[in-house]
Amino acid sequence: MSPLEELRHSAAHVLATALQRLHPETKFDIGPPTASGFYYDIDCPKRLSTEDFAAIETEMARVIAADEPFERRVVGREEARAFFAERGQTFKIGRLDDIPPDEEITFYVNGDFTDLCAGSHVPSTGKIGAFKLLGVSGSYHRGDESQPQLQRIYGTAFPTAAELEAHLAALEEAARRDHRKLGAQLKLFRLDSGIGSGLPLLLPRGATIRAQLETMLSRKLEDYGYDRLYSPHIGAIDLYKTSGHYPYYAESMYQPIRIEEREFLLKPMNCPMHIQAYTAEPRSYRDLPQRYAEYGTVYRMEQSGELSGLVRVRGFTQDDGHVFCTPEQLKDEFKSCLRLVQEVMALFDLRTRCRVSLRDPDNLDKYVGDDSLWTPAEACIRAVVDELGLEHSVGLGEAAFYGPKLDFMALDALGRSWQLGTIQVDFSLPERFALEFTGSDNAKHRPVMIHRAVFGSVERFLGLLIEHYAGDFPLWLAPEQVRIVPITDAQLPAAEALLARCKGLRLRAAIDDSSDKMGAKIRKAELEKIPLTAILGKREVESGSVALRSRAKGDEGALATEKFLERLKSEAALPS
RNA sequence: GCUCUUGUAGCUCAGGGGUAGAGCACUUCCUUGGUAAGGAAGAGGUCACGGGUUCAAAUCCCGUCAAGAGCUCCA
């Protein structure tokens, strides 16, 4: 354990010590350090809330002031069991039983609190420094929904008060980047309860950004040899029975819709539709690979408690694509998908982490297809990852129900990890839909499918981009690129002329013709995070220039109008 | 879905058993100014929704809906 982890783990023990004193009936589960603090899971008859924190923190401060040493004690298994049985600490007995027979069992004791704990700890409670309780929530014992729900108290601790202050300030700063906050402030999108939970409405400014993203990606897809498709939002239920969605994921889908005696599903995924496109004509090996792409909106019945801003919603648009190829082409096609994802992420300077997502070996009934379909799929992903030396983690149980995948993860402002792009190798659905192509031997063969998305969900990607840029979008994405500010009404005609020039170059510009003073107009443009402000006063109009102000650099001084437009045109171009 | 918290004007929030408040934004008028807030007037609310307690509920209680944190889930 690192020194900071030791400190936080020790703080968790101090929290437990305080709770034991204030609420002696408390049953303790576990209290580990985390990436940014610590928590302790407890079962306490009193429902704790943040209002109780002051009392708990006061008691914790007492424990720290007493500078109680942490004493490590090796105990026998039966002795430990008797100790906890006597005190009704049933969770601790369960945890004791988890310890392998050949392993040493240790207690850590400080003052009147004794915990089953492998350590390690700071020498004494006085070494903890600064701490703060941050929140309380429910959590399932052993992370299992069928187990009792405990109360989890979160806190953090640092060696010094200054470090704690800095951490709390960083949390506040992160909250300022929160896409839900910025989304409302900058009028990008709205989650309207009148529409329904998890069904985001992109307002004009957010829609502009999305349109730019899609236009940029569409050009790339052309370069990468994709054909575009548009598929409907609902499809016959049988399609999803064949694909396996209906039996395997019925609970995650909206209820079927009955139309003239036939049942339809709001589509949870686009792949069955793309498969129908593949089967629309007989295929030869000469046609492959066949690459389809679509911005396809899907609907999934997420649990209400899981919804969050744009990053977890019930209706969202995948920049979905499916490659149908021969087994021989698979590896190259996979690499091509990977290159596409990396190329696009680089445009945003977005750092993603890779995860190889495999089946959960303990729950194989969650997946369609047998080993003969999964083994070559996994082999392909591993081969590419190894060959390119791609840094990655492995996620057991994170595979799609039809195949393993390579996922690209990014963190949001609150430090939570979200999946963006994904590349999935699928031998299962071609089997279930009996897909075929005719080989050079004139015999029928089965193609392989790659499911892939670059953004993953356009909405989620937008949400993470808002946080990534803290609302300060680069020029090509900014909903409004130039704010034209005439100093007096006398410059209005010149402002109109400049606006017309901008529109002629397909730049997104607007005039602030309010009766505010220039300072107020500038302030408004700054708060709206408009990248460029073109100020027009008497001097500029007479000399055919604009006074340029950028959000990045502030006042940049006067610039000939022609130069300004030239610069704008090149900086605002879609990246490629 | 579960535990806890929250819901008052477009936004940020104050108030709190006796009938609705501030700042910003908005509208109109005045002001025509040189790099982050000029002035005045006005309009705007079923205090999320539905029940209950009470002479009286925005305020207390219950339920529903929605949002937030975490857990669980995530094709």
Side-chain angles (χ1 to χ4, degrees), chain A residues 34 39 41 47-52 134-154 175 178 180-181 184-185 187 190-198 240 243-245 248-249 251-253 267-272 298 300-309 311-314 318 320 357 366-368 397-403 405 414 416 418-419 422 424 426 429 451 453 457 485-492 514-527 533 535-540 547-551 554-558:
Chain A
T34 66
Y39 65 81
D41 279 350
R47 292 279 164 217
L48 298 171
S49 79
T50 46
E51 284 173 25
D52 301 303
L134 296 176
V136 56
S137 70
S139 73
Y140 298 106
H141 177 51
R142 294 182 185 279
D144 183 345
E145 222 173 343
S146 65
Q147 296 275 348
Q149 188 161 37
L150 309 174
Q151 301 188 68
R152 174 172 295 180
I153 302 178
Y154 284 92
D178 191 315
R180 291 163 297 191
K181 233 177 172 86
Q185 262 166 35
K187 298 186 169 59
R190 203 180 141 71
L191 285 156
D192 189 321
S193 63
I195 296 176
S197 287
Y240 293 95
S243 68
H245 289 90
Y248 281 83
Y249 288 96
E251 72 195 41
S252 308
M253 301 191 295
K267 68 175 170 183
M269 281 184 68
N270 302 300
C271 32
V298 296
R300 301 178 182 180
M301 196 52 220
E302 307 288 0
Q303 298 187 111
S304 57
E306 264 311 325
L307 302 174
S308 179
V311 295
R312 190 79 186 269
V313 291
R314 284 181 174 154
Q318 295 180 313
D320 212 352
S357 301
K366 276 173 65 182
Y367 310 92
V368 300
E398 302 288 347
F401 77 88
Y402 46 72
K405 50 192 184 126
L414 299 183
R416 298 177 293 204
W418 299 98
Q419 181 192 312
T422 180
Q424 316 176 345
D426 177 14
L429 294 190
H451 308 237
S457 144
V485 171
I487 293 182
T488 77
D489 288 353
Q491 287 84 43
L492 262 177
S514 69
S515 63
D516 285 331
K517 286 170 66 165
M518 183 194 63
K521 291 182 183 181
I522 288 172
R523 178 166 190 270
K524 213 186 274 178
E526 288 284 344
L527 292 177
T533 307
I535 295 153
L536 291 174
K538 198 171 166 210
R539 293 202 297 268
E540 288 74 24
L548 180 62
R549 184 187 167 91
S550 70
R551 251 184 80 70
D555 188 355
E556 294 195 30

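The sequence lines fix the lettering, A, B, ..., with proteins before strands; numbering per chain opens at 1.
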In Watson-Crick or G-U wobble terms, both distances under 3.5 Å, what is the partner of [N]?
N	value
B:A37	none
B:G45	none
B:C60	B:G52
B:C71	B:G1
B:G17	none
B:C24	B:G10

Report task. Find the distance between CD1 (A:I535) and CD1 (A:I522) and round it off to the nearest 0.5 Å. Result ->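 The CD1 atom of A:I535 sits 3.5 Å away from the CD1 atom of A:I522.
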
Given atom [atom1] of [X] and atom [atom2] of [N], what is their separation to the nearest angstrom?
X	N	atom1	atom2	result
A:E302	B:A67	CD	P	13 Å
A:R416	B:G70	CZ	P	5 Å
A:Y248	B:C73	OH	C1'	19 Å
A:E145	B:U3	CD	P	12 Å
A:K181	B:U12	NZ	P	7 Å
A:L48	B:U3	CG	C1'	12 Å
A:L191	B:C65	CG	C1'	15 Å
A:D192	B:A48	CG	P	17 Å

Query - Ion pair A:R142/A:D144, N-O distance below 4.0 Å - result: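 Between A:D144 and A:R142 there is no salt bridge, as every charged N stays at least 4.0 Å from the carboxylate O atoms.
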
How is [X] classified with respect to the nucleic acid when contacts are heavy atoms under 4.0 Å: base, sugar-phosphate, or nothing?
X	result
A:K366	sugar-phosphate
A:G309	sugar-phosphate
A:R312	base
A:R142	nothing
A:S193	sugar-phosphate

Requested in this report: Just compare B:U5, B:C71, B:C74 and give me whichever is closest to any side-chain atom of A:Y154.
Outcome: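 Taking heavy atoms from C-beta onward, the closest nucleotide is B:C71.
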
**Report entry** Residue A:R47, side-chain heavy atoms: nucleotide from B:U3, B:A66, B:A69 that is nearest
**Finding:**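 Nearest to the side chain of A:R47 among the choices is B:U3.
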
**Report entry** Upstream residue (5' side of RNA chain B) when A:R152 and A:G305 are each assigned their closest nucleotide
**Finding:**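 It is A:G305, whose closest nucleotide lies nearer the 5' terminus.
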
Query raised in the report: In terms of the nearest nucleotide of RNA chain B, which residue is placed more toward the 5' end: A:E51 or A:L414?
Result: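 The residue whose closest nucleotide sits nearer the 5' end is A:E51.
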
Would the distance check show the side chain of [X] and the main-chain N or O of [Y] forming a donor-acceptor pair, the cut-off being under 3.5 Å?
X	Y	result
A:R314	A:M301	no
A:K521	A:P486	yes
A:Q151	A:L48	yes

Requested in this report: Measure the shortest side-chain to side-chain distance between A:K405 and A:Q419 over non-hydrogen atoms and say whether it is less than 4.5 angstrom.
Outcome: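 Side chain of A:K405 against side chain of A:Q419, heavy atoms only: contact under 4.5 Å found.
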
Query - Under 3.5 Å donor-acceptor pair, A:Y140 side-chain atoms to B:G1 base atoms - result: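 Counting by modelled atom types and ignoring angles, a donor-acceptor contact under 3.5 Å is found here.
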
Query raised in the report: Listed by chain and number, what are the side-chain hydrogen bond (donor to acceptor under 3.5 Å, both in side chains) partners of A:E556, not counting sequence neighbours?
Result: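 With neighbours one apart ignored, the set is A:S550, A:R567.
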
Expressed as a whole number of Å, how far does the [atom1] atom of [N] sit from that of [M]?
N	M	atom1	answer
B:A25	B:C11	C1'	7 Å
B:A20	B:U46	C1'	13 Å
B:A48	B:A58	P	10 Å
B:G17	B:G7	P	15 Å
B:A22	B:C29	C1'	24 Å
B:U8	B:U3	P	24 Å
B:C47	B:U19	P	14 Å
B:A36	B:A41	P	28 Å

Report task. Output yes when at least one side-chain N/O atom of A:S197 is less than 4.0 Å from OP1 or OP2 of B:A66, else no. Result ->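 For A:S197, the contact criterion (side-chain N or O under 4.0 Å from OP1 or OP2 of B:A66) is met.
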
Requested in this report: Heavy atoms only: give me the nearest A:K366-A:Y248 pair and the separation to one decimal.
Outcome: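 Distance-wise, the nearest heavy atoms are O-CD2, 3.5 Å.
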
**Report entry** Geometric class of the A:H245/A:F401 ring pair [parallel <30°, tilted 30-60°, perpendicular >60°]
**Finding:**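 The arrangement is perpendicular - the two ring planes meet at more than 60°.
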
Report task. Would you tell me whether A:Q424 and A:T422 have side-chain atoms, one donor and one acceptor, within less than 3.5 Å of each other? Result ->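 A pair is found: one side chain offers a donor N or O, the other an acceptor, under 3.5 Å apart.
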
Query raised in the report: Which nucleotides of nucleotides 29-41 of chain B have their base under 4.0 Å from a protein heavy atom (B), which only their sugar-phosphate (S), and which neither (-), written as one string 5' to 3'?
Result: -BBBBBBBBB---

